[in-house]
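Report on the structure given below.
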Number of protein chains: 4
Amino acid sequence: MEFNGVILEDTYAEGFPVWAARVIITAVTKEWAYKAATEATGFATSTIGCPCEAGIERFVPASETPDNRPGYAVMFCCGKKALKEQVLERIAECVLTAPTTAVFNGKAGLEEIIPVKLHFFGDGYESKVVVGGINCWSIPIMGGDFIIEEEVGAIKGVAGGNFLIMGDSQMSALIAAQAAVDAISCVPGTITPFPGGVVSSGSKVGSNKYKFMGASTNEKFCPTIREKVPDTEIPEGVKAVYEIVIDGVSEAAVNEAMKAGVQAACRVPGVVKITAGNYGGNLGPFKFHLKDCI
Amino acid sequence: MEFNGVILEDTYAEGFPVWAARVIITAVTKEWAYKAATEATGFATSTIGCPCEAGIERFVPASETPDNRPGYAVMFCCGKKALKEQVLERIAECVLTAPTTAVFNGKAGLEEIIPVKLHFFGDGYESKVVVGGINCWSIPIMGGDFIIEEEVGAIKGVAGGNFLIMGDSQMSALIAAQAAVDAISCVPGTITPFPGGVVSSGSKVGSNKYKFMGASTNEKFCPTIREKVPDTEIPEGVKAVYEIVIDGVSEAAVNEAMKAGVQAACRVPGVVKITAGNYGGNLGPFKFHLKDCI
Amino acid sequence: MEFNGVILEDTYAEGFPVWAARVIITAVTKEWAYKAATEATGFATSTIGCPCEAGIERFVPASETPDNRPGYAVMFCCGKKALKEQVLERIAECVLTAPTTAVFNGKAGLEEIIPVKLHFFGDGYESKVVVGGINCWSIPIMGGDFIIEEEVGAIKGVAGGNFLIMGDSQMSALIAAQAAVDAISCVPGTITPFPGGVVSSGSKVGSNKYKFMGASTNEKFCPTIREKVPDTEIPEGVKAVYEIVIDGVSEAAVNEAMKAGVQAACRVPGVVKITAGNYGGNLGPFKFHLKDCI
Amino acid sequence: MEFNGVILEDTYAEGFPVWAARVIITAVTKEWAYKAATEATGFATSTIGCPCEAGIERFVPASETPDNRPGYAVMFCCGKKALKEQVLERIAECVLTAPTTAVFNGKAGLEEIIPVKLHFFGDGYESKVVVGGINCWSIPIMGGDFIIEEEVGAIKGVAGGNFLIMGDSQMSALIAAQAAVDAISCVPGTITPFPGGVVSSGSKVGSNKYKFMGASTNEKFCPTIREKVPDTEIPEGVKAVYEIVIDGVSEAAVNEAMKAGVQAACRVPGVVKITAGNYGGNLGPFKFHLKDCI
């Protein structure tokens, strides 16, 4: 199977359920909204070592936000209990503290409602206000009044969408990964939580040599040791592999992101093969077949 | 006391000890180093609710890094035990995973050495290499080989440097805060960990109304409720207050940052007063007097 | 007349006809398309002293471009003859030279077709290709093959849309201007050609004191000399005025941009008045009344 | 001759004299200074088709500027007469018009003084002021007062420093070019005027097929037609060539930039060869040998 001359392996990415919440952060300018969104979604690449997975979903123009100011939609993904904590902490520490911001429910879904009781921070000086037809709290702070819609909807979404880009040079694979992330950034309801959207160090569960390690490098996909690994998955001539990991609000959203990302990667010269990671169907119920991406 | 027509209150910022570590992150381009540095220092505004305080200290040109690639120095600040965990986790999850990166000891100090034993991730395929005269590990990963200097020096530094900018309009205070952050970003050994470097929501310990709250809005510094707070600290005509919080590797570094930041803020039209936060000397041993900033 | 507590003067902006062309610049990543678009639209604030007026209209996602790569739509505005020269020169010097770019007709209109005969640069090695159903030329260059659709449509559009933002501090007016530009950047078919979209130095025709000057500062709108100018237009308490100038493909597009920009500016605290510039209807046939902006 | 495994051809870049001026643009924040600097240096890749060559030389911290605000040093390069016009026009149209900016002499040299008589724009309301010990004019404008040092020093500098990066994939060459530009951006007194600092479409003088063309593609350096060009300079396996062009205030500055750029490019995986362009010594008196770059 090929697309634009690139081989697509006949395999699939295996996704699994994750709880997802979306928040709209607005500010006086696009730039200040971005700074808050970036801080709030940092240290959030993988739940293996980070408190949650998070990312900026998209820019939201002023014409579409409740307070008619520019904003960013951000998504947080992890287990149900951790999600409540993370949404609260990240708003409290990284958005409430950021100049001129306001926070609105991004309505990822209605399956759960996360109560973000930040109005108590107002110590009695807070008041109820209606902004854009929405019930909010107005909390006096040093910078002015912080507006927040305290109920944030969450939904059982999908984590673990993924594909791997193999390049004839490290830079072919890198730029293809960047192009894929650019494309996925235009797909609603999805994020690519790793740094710049790209994963450089795929892992396997456990370790053959160091039994105390819960995870270690996936040697089958490491080009520089191709000669030393008998069951290497690296085709001859491949110099680097970058993975794109996708979380989304639904199977359909991740599907669309997979499609946009795979096609974008295949348009970059020097990409030779696309594959995807799965656990034989044992990890999760969602299968994203690469053949459906073209 | 005035500087450029701005009143400086005769007071001081109260700093306290914090453990600080510095890491140099390099990558194939300045841009990719920046992406890794940003992810690694996110969700890190205040140890009140974040696992640590962190920020980008400065850009490091290729001519000054061990592997002669462009890089960023990032700093992490918190308690000693948490620091070890945070430096390890943030490198493992946000830098190892980022394309083309390498990690070097930023040598904040020699008081403590944090062992970042990431070479075990190599599952036996890792090897020792010397880069720029420095002993490192080379760990095969999907994107190539990840180079890391595994010992990161830490030092007992200073947290809580701060000053508050009062403006005749919200935007005067905001741009002054941005100008102050711009200036501090040129001072070695310091970071401003809040979003964009600025704090919008100063807090007091506890809450008068809600006894279950550990902290709540500092009503004395909230301009929009000035009329309702008898002991308000907001002068007439002040519309907003933004705070700059500074962490540094030493008292001298924070001193220099205070000076650069206060003077920069005072150069922005519309700033009417600068003050600083302290706890009467009960919190920490460092006093940064505003009068020493001019 | 007020909007969000801001006074809107009962006046109008006077627009006049201008020729406008739109070009889509794509590249391997969003970032490289942006670099080319920025270079191509620089030194293009006003036809008074620049060869044309130009700006980035909007980001175009890969799903909407002929070659399915990310791109930017840029617009060039000036007289008919100069437009042909400028479109050609700016593509030849700033886009053909930029890595991985391609150029497509942005179809501003069909009134004129600008023939961009860059295929001659191929010196006989060029060839015709079809990209996304469009007839293009493929020109071998050092970086690979440069793809260009050689016919660029132009239309008689509208220049000189404008409004002036008066602030109670310089920074109130500045951030309001930035917020206005953010909002206008979401309106199709329009650009704000000045630096960052903002004009700091409005001018009047001629000079009272220096007869050799074709234009000089518009003293009636200069806050710092308010006391010296008997017929000042600066209300008491206004510290700065920033102007937003808008070019568009049609009267309707400029109308929508005026509306989005004025409303965005009025939402920034500290803005006290909005007015607009006109020449009593002597300059151009288009009137954009501020009262229609709310 | 090799560096880091990359072949350096035993050749040289041929530089020629050019007039160069440097201007310091400051503003209330780094960001606004950058916007003005970007606009002022746009449409300025090559004097073949642009009015001048220009670029941002470096960020200048507040501690080093006359008005103690953050700034950018920009350089303009072209013939002596055009330089005077371009410095004047680009300041007048792109910096005077930009919010909160000031302009200072960047003192490229003392061989020529360009008089930028912008104070006439003040129509009599302008006044002399001393800023940071420097005689300036203060011109009332809508945004406040525009400060400008009206004498800008110019020097006979060097244009045409260059080297060509050949990659085993297009993206290897592209990222190597970006890394080279990153490195050169740290060398004082130099700029890389092309989009993002990179040239994708090298040209030869004249055209073999189209006699009316003054320049056309340099087919010897075009990888995609390697098979069709008997005297191709493209080694087998090379997929793309990107050129870095450098202008500087002196031979020494260009020398240092060549060195920094070549070494940076050679550190990017997939670069196979570096060469340079010259005209056999007929064009200019400066020879920058690649062998001196390592």
Side-chain angles (χ1 to χ4, degrees), chain C residues 32 35-36 38-46 48-50 89-90 92-94 96-101 120-125 139-146 170 174 177 194-196 198-202 207-210 213 216-219 221-225 228 240-243, chain D residues 32 35-36 38-46 48-50 89-90 92-94 96-101 120-125 139-146 170 174 177 194-196 198-202 207-210 213 216-219 221-225 228 240-243:
Chain C
W32 279 104
K35 288 180 183 178
T38 300
E39 184 73 42
T41 58
F43 187 41
T45 61
S46 163
I48 292 176
C50 298
E89 284 298 354
R90 287 173 182 258
E93 302 300 325
C94 306
L96 167 64
T97 63
T100 78
T101 50
F120 292 123
F121 185 78
D123 201 10
Y125 294 100
I139 307 171
I141 59 173
M142 291 193 320
D145 288 325
F146 177 70
Q170 189 185 15
L174 178 58
F194 279 85
V198 184
V199 190
S200 184
S201 58
S207 165
N208 295 319
K209 184 165 183 183
Y210 307 116
M213 293 292 285
S216 63
T217 200
N218 193 351
E219 69 271 11
F221 286 91
C222 294
T224 63
I225 51 171
K228 299 179 187 169
V241 181
Y242 288 111
E243 184 180 1
Chain D
W32 279 105
K35 288 180 183 178
T38 300
E39 183 73 41
T41 58
F43 187 41
T45 63
S46 164
I48 292 176
C50 298
E89 284 297 355
R90 287 172 182 260
E93 302 300 325
C94 307
L96 167 62
T97 63
T100 78
T101 51
F120 292 124
F121 184 78
D123 201 11
Y125 294 100
I139 308 171
I141 58 173
M142 291 194 319
D145 288 326
F146 177 70
Q170 189 184 16
L174 178 59
F194 279 84
V198 184
V199 190
S200 184
S201 57
S207 165
N208 295 319
K209 183 164 185 182
Y210 308 116
M213 293 292 286
S216 63
T217 199
N218 193 351
E219 68 273 9
F221 286 90
C222 293
T224 63
I225 51 172
K228 299 179 187 169
V241 181
Y242 288 111
E243 184 180 2

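Order of the sequence lines fixes the chain letters, A, B, ..., with proteins taken first and strands second; residue numbering starts at 1 for each chain. Every heavy atom of this structure was used, including side-chain atoms; hydrogens, water molecules and symmetry mates were not.
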Q. For Thr100(C), is it the side chain, the backbone, both, or neither that has a heavy atom closer than 4.5 Å to a heavy atom of chain D?
A. both

Q.
Below 4.5 Å, heavy-atom pairs only: which of Ala92(D), Gly124(D), Gly49(D) has the largest tally toward chain C?
A. Gly49(D)

Q: Test side-chain contact (heavy atoms from CB on, under 4.5 Å) on Ser201(D) and Phe121(C) and set out the steps.
A: CA-CA 10 Å; Ser201(D) 57; Phe121(C) 185 78; 4.3 Å; yes

Q.
Tell me if a side-chain donor or acceptor on Glu93(D) pairs with a main-chain N or O of Ala44(C) at a distance below 3.5 Å.
A. no

Q | Pro195(D) side chain reached by Thr97(C) side chain, heavy atoms, under 4.5 Å | A | yes

Q) What distance separates Glu39(D) CD from Thr38(C) OG1, expressed to the nearest 0.5 Å? A) 9.5 Å

Q. So which heavy atom on Cys94(C) is nearest to which on Thr45(D), and how close?
A. SG-CG2, 4.2 Å

Q: For the pair Ser216(C) and Phe120(D), evaluate side-chain contact (heavy atoms from CB on, under 4.5 Å) and give the outcome as yes or no after the intermediate values.
A: CA-CA 7 Å; Ser216(C) 63; Phe120(D) 292 124; over 6 Å; no

Q: Below 4.5 Å from any heavy atom of chain D, which atoms of Ile225(C) appear? Answer side chain, backbone, both or neither.
A: side chain

Q: Could you have a look at Asp145(C), Thr101(C), Ile139(C) and say which one has the most heavy-atom pairs with chain D under 4.5 angstrom?
A: Asp145(C)

**Q.** chain C contact via Asn218(D) - side chain, backbone, both or neither, heavy atoms under 4.5 Å
**A.** neither

Q) Does any heavy atom of chain D fall under 4.5 Å from the side chain of Ala98(C), the backbone, both, or neither of them? A) both

Q: Would you mind telling me which of Glu243(C), Lys35(C), Lys228(C), Arg90(C) has the largest number of heavy-atom pairs within less than 4.5 Å of chain D?
A: Arg90(C)

Q. Relative to chain D, which of Pro99(C), Ala177(C), Gly196(C) shows the most heavy atom pairs under 4.5 Å?
A. Pro99(C)

(Q) Can you tell me how far apart CD (Glu219(C)) and CD1 (Ile141(D)) are? Round to the nearest 0.5 Å. (A) 14.0 Å

Q: Return the option, out of Tyr125(C), Phe221(C), Phe146(C), with the maximum number of heavy-atom pairs under 4.5 Å with chain D.
A: Tyr125(C)

Q.
Please tell me whether Asp123(C) and Thr217(D) have a donor and an acceptor in their side chains that are separated by less than 3.5 angstrom.
A. no

Q: Side chain from CB out, backbone as N, CA, C, O: work out which of these in Gln170(C) comes under 4.5 Å of a heavy atom of chain D, or both, or neither.
A: side chain

